[in-house]
Student: 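First, the structure itself, so that you have it in front of you.
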Amino acid sequence: MPILILVIAPLCTALGYGLSGCLLALYEHSPWLFGLVCGAIWELLVVFGLHWILSPVMLNNISLLGYDMIIAIVMVPTAGAMVGNYCYLRRHEPHSETLTGARHSSLLAVFFGITEPVLYTYLVARSKLFAVIAALSGVGGLLMALAEVRMYSISLSSTFAVVAAYRPEREGQLWPLLCFVVIVLVCFTLALGASWLGRQHERAAAQANTQVSANAIGAVCAGHYVPLTAVNDPIFSSLMLGEGYALQPDEDVVYAPCDGTLSEDIVFAHALGLTTPSGTDILVHVGINTVRLEGKYFKLLVAPGSTVTAGTPLLHFERAQIAAAGYDPTIIVICTPPEGWQVTHAALAAGAAVCPGQELLAVSAS
């Protein structure tokens, strides 16, 4: 608190006065350049709480001149861009109850002139989209200054600001008012497009990441690599069930080889089914002929039907007891990709040591 009061507050006050002086000097030198700069940086000022530095200037203009130019320049274009952005989010963001409530309240706040909810709940986390919205607001502010749009009373950047921009008793009011409406609508429309493009880019990146993680099939535990054709079981070694790999395990835990959903029809836990986001089916079979143990020495660590990520512990088994009971504890992993996809193998020699998660298979479209 002493540092805040004695150091930070005075510095912020000095910064505010300095910035206000610079902006006003810029307006006297070039109103259109002031409109461009202020429109672009306004929401950044809001983030740091520095937007209040211009409020006394706005009030003073209305008191002395009967109108103010800064309100239209710095607030209205930003509101138009904000509303356009958030209208798109209302339609295309995931429909969770919490997010929907936040979206509704934020959009309502923007209509009534409060842009902070949109700013803090969405835009500050997306720097590129924030920059686009700032650019749109800067262009809108420039156009407001060129059109000499004036506000005749204090108004927030709400849908009702149009009332403050019109005085029927003054001559030549129709043109600035028309410019006011058109500029806001243009910012609104461009923000919709910018939000759509930004969202498409996010989805494409997410799908690419999902595809990469879904295509890589890793080792289910630490052990030594065994080619599937060398497994001591003709059903697996003949590739009758599909391609894959086998491991001589060095530990007693089986981990998820990739992201996916666990099968719901798990009977004895020695065999697990997993379906990846790309539709590939994975079978993890611990031991040869271990179905005869009827689940003894095996313990499932996750519930059937669960969605898991690569590396999640799925199964604990007692390797020594399985071997003592006369069963081969070799772990077999079978991969069945969707039609038209192919499986490629990592270049490993028989007996090579592998660690959990090491990529042994990859699934890709033919």
Side-chain angles (χ1 to χ4, degrees), residues 4-5 7-62 67-86 106-107 109-146 149-151 153-159 161 164-165 180 183-184 187-188 190-191 194-195:
L4 177 64
I5 295 173
V7 180
I8 298 177
L11 284 178
C12 290
T13 301
L15 177 62
Y17 280 124
L19 185 58
S20 177
C22 291
L23 291 176
L24 292 177
L26 181 62
Y27 182 82
E28 293 178 0
H29 172 72
S30 176
W32 69 266
L33 185 58
F34 172 85
L36 175 65
V37 172
C38 271
I41 69 171
W42 184 254
E43 288 305 322
L44 185 61
L45 295 179
V46 172
V47 171
F48 294 102
L50 296 176
H51 58 301
W52 295 107
I53 62 175
L54 291 176
S55 296
V57 179
M58 298 173 187
L59 291 169
N60 191 59
N61 284 341
I62 290 179
Y67 58 84
D68 178 71
M69 307 73 64
I70 303 176
I71 299 175
I73 289 173
V74 302
M75 290 189 176
V76 178
T78 301
M82 288 281 193
V83 174
N85 171 64
Y86 225 63
S106 296
L107 183 59
V110 170
F111 273 116
F112 284 95
I114 309 298
T115 59
E116 283 87 343
V118 177
L119 179 66
Y120 292 125
T121 60
Y122 186 76
L123 285 182
V124 292
R126 291 164 170 81
S127 57
K128 293 181 180 179
L129 186 57
F130 187 99
V132 171
I133 298 299
L136 292 176
S137 299
V139 173
L142 182 150
L143 296 176
M144 288 287 186
L146 290 177
V149 177
R150 297 171 177 176
M151 308 294 280
S153 62
I154 288 293
S155 173
L156 295 177
S157 51
S158 69
T159 53
F180 179 95
I183 291 169
V184 172
C187 289
F188 176 94
L190 292 178
S195 298

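Given the structure is predicted, the values throughout are model-derived calculations rather than measurements.
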Student: Under the side-chain hydrogen bond (donor to acceptor under 3.5 Å, both in side chains) rule, collect the residues that match up with Ser30, sequence neighbours excluded.
Tutor: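 side-chain hydrogen bond (donor to acceptor under 3.5 Å, both in side chains) check on Ser30 returns Trp32.
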Student: What is the distance from atom CD of Glu28 to atom CZ of Phe34, rounded to the nearest 0.5 Å?
Tutor: 10.5 Å
Student: Determine the minimum heavy-atom distance between Val57 and Ile70, stating which atoms define it.
Tutor: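 For Val57 and Ile70, the tightest heavy-atom pair comes out as CG1-CD1, 3.8 Å.
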Student: Can you measure from CD1 (Ile73) to OG (Ser137) and round to the nearest 0.5 angstrom?
Tutor: 13.0 Å
Student: Do you know which two heavy atoms are closest between Ala145 and Pro31, and how far apart they sit?
Tutor: CB-O, 3.4 Å
Student: Yes or no on side chain to side chain contact (heavy atoms under 4.5 Å, CB included) for Ile71 and Ile62, after CA distance, side-chain angles and deciding distance?
Tutor: CA-CA 10 Å; Ile71 299 175; Ile62 290 179; 4.2 Å; yes
Student: Please find the pair of heavy atoms, one from Met144 and one from Ile183, that lie closest to each other, and give the distance.
Tutor: N-CD1, 3.7 Å
Student: State, to 0.1 Å, how close Asn61 and Met69 come at their nearest heavy-atom pair, and which atoms those are.
Tutor: ND2-CE, 4.3 Å
Student: With sequence neighbours excluded, tell me which residues meet side chain to side chain contact (heavy atoms under 4.5 Å, CB included) with Leu45.
Tutor: Leu19, Ile41, Trp42, Leu50, His51
